[in-house]
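Notes for the one structure printed next.
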Amino acid sequence: MSGQAPVALRAEGLTVVTRRSDGREVALVREVNLVLHQGEALGLVGESGSGKSLTALSLMRVLPESMRQQGTIELGGLSLSALPEERMRQIRGAQMSMVFQDPLTGLNPVRTVGSVMREALRRHRRMTRRQAHEASVAALRSVGIPSPQERLRAYPHQLSGGLMQRVMIAMALLHQPAVIICDEPTTALDATIQAQILDLLQLRVASASLILITHDLGVAAQACDRILVMYSGVIVENGRTSEVLDNPRHPYTAGLLAAAPTLDPSRPGMIPIPGSQPAPLSRPPGCAFAPRCARAQARCHREEPDVTTEPSGRSYACWNPHD
Amino acid sequence: MSTQAPAAARPRRQGGILAGRSTRLTRGYSGALRLGVALAVILVVLDVGLPLVMHLNPGAVNLFDRFRSLNTPGHPLGTDDLGRDVLARVVYGFRWSVGVAATATTVLILIGGLAGVIAAAVGGIVQQVVVRAIDLSISLPYLVIAVVILAVLGHGFVPLCLTLGVVSWPIFARVIYTESRSLLQRDYVLAARLAGVRPYKSVLTHVIPGLKTVTMVMTAFLFADMIVAESALSFLGLGATLGSPSLGTMLSDGRTYMVTAPTLTVIPGAAIVLAVITANLIGDGIAHGASSDEGQFE
Amino acid sequence: MTESAAAQEILRAENLRAVFRLGSRPLVAVDDVSLVVRRGETVALVGESGSGKSTVARALTRVQPLAGGHVYFEGTDITALSERALRPVRRRLQMVLQNPYASLDPRLTVQRIVAEPLLSHKVVAGPQIPDTVRMLLDEVGLGPEVARRRPANLSGGQRQRVAIARALGLRPSMLIADEPVSALDVSVQAQVVRLLARIQELEGLSYLIIAHDLALVRQIADRIVTMYLGRVIEEGPAAEVVSEPLHPYTTALLSATLTSASGRRERIVLSGDPPSALAIPAGCAFHPRCPIARPRCAAERPPTESAGDRSVACFYPGELQLRPRMGSPPSSTAQGG
């Protein structure tokens, strides 16, 4: 399915570098390649410190001042990496938008939801206040929010987490973006609400392509067509969700699967991976996962693994993968 | 199962991956601290040292030597309407003002700090009473209250210090109260309670150390306030006795001659301003230096 | 209850009631909650936000005032004890908090943090502290060099281990853990859970774990107690509650619990947000969102019925079950019924 569809977003050699207080530079994201097909939901899975959030920020080119990025980004053929900031601003929120973990991120607490939505609308389209209001009502209705007029008059903190996240998704979809990036959109929400939000996101995928960043394999299993697994700044595995989760190639992916709790009594679950992810400055030579890997060989400690691509399109970066 | 983190764990700020580096802004503020401290040192050295190397008599009246201008031999800053040496009066006046301000600040820090912490930690009736007292005091104009108290107590160093301390402790108490309450809400204080740690011990271990920074900053700013307040009261004729010069009395005395002999007001005024700026620089410097550390703690 | 059965219980809560006052309106956070933890057992208290589970934990440790009910710990009624009288109790009943980034004083070293309870109860004399702390750190899998560090230099997993070491120092007989691993990465969760299991085996501890993840709870708990809007709605052995939930909310929660096998189970998506605890629905608190609600559910509050070691508060227990889905792609949903 996803192999034939046109490419909505492509990134090559994406690297994010930060300068530490002592002047040393350290790479937090290293040579990430990413292809998002139209209509696809792509999961970027990793634990904290893996670089997944930074990857998302760099796709939108909104990294903090202290960091810089390298590599190419193409949105439907248009090169974003070289665009001047003015043009980039026009694209953000319109052709490419983002939803954050905390729905209140960057929201002014003294502005009503309606006021924020109207501004988001008029930032990219000329419309009267009345038109903007009507469009806001329609947007809220489209994400399943009852009594939208009332909600527009409310302040962000007055609405529940789940409701606010719906509002943020509505706002992200206002201008029919080609790509919407969601960074842990459901982590702060209850399980039953999470289910609703993921459902909502899946319905949207038809009109927009989705990049979903999460640490939760269950979320990825539920909502994503393909997943990229990240560890210590690099992509270690890439493939269709069902393939990767049923038959992981990379030992880290297998480790994550084994460490997660299961509902099925026949699957053991909660088997720890020894050790912890290295801090960027103390990354070992060779494969970053080698010190914790039960399948590590001498080569793994010396050389960083090349990416192996299988005919089906799956790829992984490992010298001694599972089969 | 090895669980030790490989190599040294990086200091992780709550903000995530962003390292707390000195931006141009924070470096500017540590410059403020350095400047403030340098100024303070200079002022103290001058104030202590000048009387040692020069013969300064602030009270020597000489009616033949009135209104001398700057750079008169023997009177580098001239003389006032009674022929008294201006430099001597500024040096001793500065001493007086700083002395009052320092003592008053100490008094109010102690009273206010205790009141704030106790009100926050004990709660109940005590908290209600202290909070109401603070609100009441802050709503009243300090100058009026000070005037009334001084009218009763009379002139002098001790009455001035007491008055200023009594009038100003609520300002500090309120800050300490809010900070302490905030600290008491922290999870780690709850964890201590859950472990059976006694409340007073908890306050000593978890709350007091957290008040260090705010106390230092407020001390600096309140000191500046006290300088101005003392000068104001002395200007009004309260506080400083006729004998001991104060920057405020100098202002008051020189007011009549502002047009003809402006140095008599400008010089003590400049001294007040200098003292206040120095204190504010130090306060600002500590506040901003601390806030880049505090980020690490929050 | 026989004497030996009573001796088996380490914690008993009866008819707990906790009310918050918001202005004039009362918020009933905990409504007639009873539960029992037996020696050596792990009981999980499960619910979503607003269920009242954290309030129950706080009530059990007496940091939340109770509007009704009793708490018995090791046979003693601790409901009305003063803070002073509670001190010896606190030595034996410890709590680990949810947020490892907030439960450790950032200004203190790990050594001082772990030593604080020991010094307060005079369990260990000053000179012995460094050795004792080192030993405790070792028990939780941390090296001695950690003692000199401050929390800011520790990862989330390490901080939680420090919190556990601090709790264990007093050698409690029971540990209440409020979402002990929710703030941690998946692989670290597994590490901490394994640590807790090992300690339980070694020391014979009893646990009450507050959690929201049914998969996690199935793996670590002997019994599960499910709460919704302040009430206990289901209780039973963990494996059974998960394989055959009796209460429709438990079923819905189960369905919403995502694991890597999620694509293959049926999904029940509840409509609407959970109502606020300020406006708890009449009758069964869950009925507005319940896929199988009937008129009776809105009119009467279902009593708790017990059968064997399971109990449930529902008029139609066991009716809503998940059916396994065959070969459907991950992105489709199905309604329950």
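Predicted model only: the values in this text are computed from it and were never measured. Labels below follow one simple rule: chain letters A, B, ... track the order of the sequence lines, proteins then strands, and each chain is numbered from 1.
- Atom CZ of B:Arg95 is surrounded by more than 12 heavy atoms from other residues, nucleotides or ligands within 6.0 Å.
- No donor-acceptor pair closer than 3.5 Å links the side chain of B:Arg174 to the backbone N or O of B:Ile134.
- By the 6.0 Å contact criterion, CD on C:Glu201 is open, its count of non-hydrogen atoms from other residues, nucleotides or ligands being 12 or less.
- Side chains of C:Asp185 and C:Ser187: a donor-acceptor N/O pair is absent below 3.5 angstrom, by distance only.
- Between C:Phe73 and C:Ser173, the shortest heavy-atom distance links the atoms CZ-OG, 3.7 Å.
- Using a 4.5 Å cut-off between heavy atoms, C:Leu108 contacts chain B through its side chain alone, with no backbone atom that close.
- Contact of C:Leu104 with chain B is made through the backbone alone, with heavy-atom distances under 4.5 Å.
- Residues from residues 198-206 of chain B that place a non-hydrogen atom less than 4.5 Å from a non-hydrogen atom of chain C comprise B:Arg198, B:Thr205, B:His206, given in numerical order.
- The closest donor-acceptor contact from the side chain of C:Gln189 to the backbone of C:Leu184 lies under 3.5 Å.
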I would like to know whether C:Leu202 and C:Ile199 meet side-chain contact (heavy atoms from CB on, under 4.5 Å); could you show each step before the answer? CA-CA 5 Å; C:Leu202 284 176; C:Ile199 293 173; 5.7 Å; no
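- How far CZ of B:Arg186 is from CG of C:Asn99: 12.0 Å, rounded to the nearest 0.5 Å.
- For the side-chain contact (heavy atoms from CB on, under 4.5 Å) with C:Arg150, the lone residue among C:Thr109, C:Ile113, C:Val110 that qualifies is C:Thr109.
- With hydrogens and angles ignored, the 3.5 Å screen pairs no side-chain donor or acceptor of C:Glu116 with any backbone N or O of B:Ala192.
- A salt bridge does not link C:Glu139 with C:Arg198: none of the charged nitrogens is closer than 4.0 Å to a carboxylate oxygen.
- Chain B is approached within less than 4.5 Å, heavy atom to heavy atom, by C:Arg58, C:Thr61, C:Arg62, C:Val63 from residues 50-63 of chain C, ordered by number.
- With a threshold of 4.5 angstrom between heavy atoms, C:Glu83 approaches chain B through side-chain atoms but not through N, CA, C or O.
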